[in-house]
Amino acid sequence: MEEEEEWSSGSDDNDDVLPDQHAVDDKFEKMSREELIFELHKTKNLLLESQMTLAQKDKTIFELRNTTQQYLLGDEALEITTQKDIQKINKSNFSSSCDTEGDYFNSYAHFGIHYDMINDSVRTDAYRDFILGNPDLFHDKVVLDVGCGTGILSMFAAKAGARLVIAVDNSDIIHTAEKIALQNNFKNIHFIKNKVELIENLPDLDSVDIIISEWMGYCLLFECMLSSVLVARDRWCGSKGLVFPNVATMALCGFSSNELYHKKMGFWDNVYGFVMSPVKQEVVEEAQIENVPQKAIITNTCSFKSFDIQKMSLSDSDFSSPFALKVGEISSEQKFHGFVCYFDIDFNNCKKPVSFSTGPFTKDTHWHQTVLLLPSSISVSQNDDIVGNFTIKRKKHLRTILIDIQFSVSGKQQPPLNYTL
């Protein structure tokens with residue numbers, strides 16, 4: 001009881017008063033080693049409980065903020081591309097410290113994801129070849145790297161002759177990036193830890209000459225930073241500024257693979273002797289990320305949506321586009337198991353254009369392809385037409401996308417397909 005009285009020294013009616021340091025020291029001096037260890041574990045558990053409680057409160061605040069924001073701003077809450085929009089949200093008392101995408105940015109603080117991206121030679125070689133292959137474009141220019149990660153694109157730009165590179169990232173990886181830049185003697189790279197949307201002014205600059213960013217996600221638009229790139233473009237590029245890559249194109253084809261289809265669907269017919277077929281519906285509604293072998297593709301490819309990053313608005317990433325596929329040369333009737341979606345990237349507003357593809361006909365990338373399974377296979381023959389509409393909508397306040405496909409096979413309308421990614 002005496003120890004408890006010493007620990008709670010101070011006003012009884014003020015829980016925020018810190019304990020007297022001498023009393024604390026005296027309390028611990030009286031403890032045995034075992035008691036100190038017990039006290040340490042108890043304090044550690046209290047800290048963990050506090051962190052969990054705080055995280056739960058943050059989650060509740062985030063959900064309430066999102067709901068209120070959508071109620072007040074409607075569809076405008078989906079598209080924040082100007083400073084006026086930022087001010088409108090701030091005036092509505094939405095604290096910028098309440099980051100609804102904390103988990104997203106935290107995931108980029110770990111080295112594993114950066115290893116996968118940098119080790120993707122298709123991706124990294126393309127950026128290197130574009131930047132270093134166009135030194136006249138970068139010489140003495142101010143470059144903004146949106147979502148810089150480890151800073152490799154920033155260093156390419158500095159190496160190509162940029163006068164100043166501003167590297168922005170909201171993940172803690174930026175602290176490591178800054179050390180990497182200094183280790184490689186790049187002193188003209190300025191690092192800013194923040195979301196682009198929350199940066200009102202760049203240091204001593206009104207505009208930049210070039211924006212570079214590796215913003216693409218699975219199926220191009222999943223968890224991508226496109227909105228951040230467009231905010232930066234509208235805020236600092238002006239009429240003469242350039243954005244790279246400047247073209248992104250989405251493409252579609254059809255596949256047949258008993259192995260892949262069984263792996264995702266047939267598996268649930270017999271799981272240790274139990275039938276788990278209800279899981280199939282869940283599998284069908286979830287877009288799958290897979291590396292599809294070229295031999296599994298049974299149709300031509302159709303480029304169904306292209307984005308001009310220099311001119312587009314964020315609302316353009318919600319769209320519905322027609323597609324037309326034709327079954328290619330096959331020896332006999334085959335099973336059509338689903339669609340394969342991928343994207344191509346172009347850096348072509350320069351002297352030495354560079355491009356790369358994430359499709360099944362080239363070297364695999366860390367994006368792989370997005371597989372959209374049919375609930376049941378459809379028999380197809382050579383020259384059969386598969387036509388329809390491909391729709392993508394961004395899920396409000398999340399980096400998730402919703403995919404809807406309406407299609408027919410040889411004139412026979414099929415049930416609509418709905419996927420979440």
Side-chain angles (χ1 to χ4, degrees), residues 81-83 117-118 123-170 174 177-178 180-181 184 186-216 220 224-249 306-314 316 344-356:
T81 57
T82 67
Q83 183 62 26
M117 291 189 292
I118 294 175
R123 162 211 185 258
T124 309
D125 287 2
Y127 277 88
R128 178 202 61 192
D129 293 348
F130 157 66
I131 296 172
L132 299 184
N134 290 278
D136 292 345
L137 187 67
F138 286 86
H139 177 69
D140 204 32
K141 296 297 194 301
V142 176
V143 178
L144 174 63
D145 181 359
V146 177
C148 67
T150 56
I152 190 166
L153 303 189
S154 295
M155 291 190 289
F156 284 153
K159 186 175 181 179
R163 173 167 55 88
L164 173 65
V165 180
I166 301 170
V168 178
D169 204 300
N170 198 37
I174 197 169
E178 189 167 12
I180 292 171
N184 287 275
F186 290 112
K187 299 179 181 180
N188 60 334
I189 303 177
H190 180 82
F191 292 88
I192 300 176
K193 185 182 186 299
N194 206 343
K195 292 176 67 175
V196 166
E197 291 83 347
L198 299 178
I199 300 174
E200 295 187 5
N201 298 294
L202 295 177
D204 301 320
L205 290 171
D206 295 324
S207 63
V208 300
D209 300 302
I210 298 172
I211 292 176
I212 55 173
S213 180
E214 196 274 78
W215 54 264
M216 301 79 73
L220 185 64
C224 75
M225 296 185 298
L226 178 58
S227 60
S228 298
V229 172
L230 298 184
V231 168
R233 179 201 66 186
D234 293 345
R235 197 171 294 171
W236 296 302
C237 251
S239 59
K240 297 182 179 180
L242 299 174
V243 181
F244 292 101
N246 59 304
V247 177
T249 304
S306 185
F307 299 98
D308 182 344
I309 312 304
Q310 197 75 39
K311 300 177 181 179
M312 71 172 290
S313 65
L314 184 58
D316 293 334
D344 298 333
I345 294 297
D346 290 286
F347 307 79
N348 59 23
N349 191 12
C350 54
K351 289 182 179 180
K352 294 183 178 180
V354 175
S355 63
F356 70 88

Checking Asn348 now: which residues fulfil side-chain contact (heavy atoms from CB on, under 4.5 Å) with it, not counting sequence neighbours? Asn246, Val247, Asp346, Pro353
Closest approach of Val143 to Ala157 (non-hydrogen atoms, all atoms of both residues): CG1-CB, 4.2 Å
Contact between Met312 and Leu226 at the side-chain level, heavy atoms closer than 4.5 Å - yes or no? yes
Straight-line distance of Ser228 OG to Leu198 CG, nearest 0.5 Å: 9.5 Å
What is the distance from atom CD1 of Ile210 to atom CZ of Phe138, rounded to the nearest 0.5 Å? 4.5 Å
Side chains of Leu230 and Ser313: does their closest heavy-atom pair fall under 4.5 Å? no
What is the minimum heavy-atom distance between Ala167 and Ile174, and which atoms define it? O-CD1, 3.7 Å
CA sep, side-chain torsions, deciding dist, call: Val142, Arg163, side-chain contact (heavy atoms from CB on, under 4.5 Å): CA-CA 6 Å; Val142 176; Arg163 173 167 55 88; 3.1 Å; yes
Do you know the tightest heavy-atom contact between Ile309 and Pro245? CG1-O, 3.6 Å
From Ile192 atom CD1 to Asn170 atom CG, the distance as rounded to the nearest 0.5 Å: 11.5 Å
Within the 4.5 Å heavy-atom criterion, are Ile180 and Met155 side-chain neighbours or not? yes
As a quick check of understanding, evaluate side-chain contact (heavy atoms from CB on, under 4.5 Å) for Leu242 and Leu137, giving each step before the final call. CA-CA 10 Å; Leu242 299 174; Leu137 187 67; 3.7 Å; yes
Ser154 (side chain) donor-acceptor with Ile166 (main chain) under 3.5 angstrom: no
Between Phe347 and Tyr127, does the ring centroid distance fall short of 6.0 Å? yes
Does any pair with a residue in residues 128-142 pass side chain to side chain donor-acceptor pair (under 3.5 Å), and if so which ones, sequence neighbours excluded? Asp136-Lys351
On a heavy-atom basis, which atom in Val354 and which in Ala126 lie closest, and how many Å separate them? CG1-O, 3.6 Å
Other residues, nucleotides and ligands only: do more than 12 of their heavy atoms fall within 6.0 Å of NZ on Lys159? no
Any chance you could measure Ile152, atom CD1, to Thr124, atom OG1, to the nearest 0.5 Å? 5.5 Å
Test item: Trp215 and Val146 side chains (from C-beta on) under 4.5 Å apart, heavy atoms: no
Only counting residues at least two apart or in another chain, list the ones meeting salt bridge (Lys or Arg N to Asp or Glu O under 4.0 Å) with Glu214. Arg123
Whether Asp344 side chain and Ser355 backbone form a donor-acceptor pair below 3.5 Å: no
Rounded to the nearest 0.5 Å, what's the gap from CE on Met216 to CD1 on Ile345? Could you check? 4.0 Å
Mind checking the CD-SG spacing from Gln310 to Cys237? Nearest 0.5 Å is all I need. 6.0 Å
Side chains of Val165 and Phe186 in contact at under 4.5 Å (non-hydrogen atoms): no
Student check: side-chain heavy atoms of Phe156 and Asp145 closer than 4.5 Å: no
I'd like to check Ser227 versus Glu197 (side-chain heavy atoms, cut-off strictly below 4.5 Å). Are they in contact? yes
Could you walk me through whether Asp125 and Phe356 pass side-chain contact (heavy atoms from CB on, under 4.5 Å), step by step? CA-CA 9 Å; Asp125 287 2; Phe356 70 88; over 6 Å; no
Residue that, paired with Trp236, satisfies side-chain contact (heavy atoms from CB on, under 4.5 Å) out of Ile199, Ile211, Leu205: Ile199
Closest non-hydrogen atom pair between Gly149 and Asp169, with its separation: N-OD2, 2.8 Å
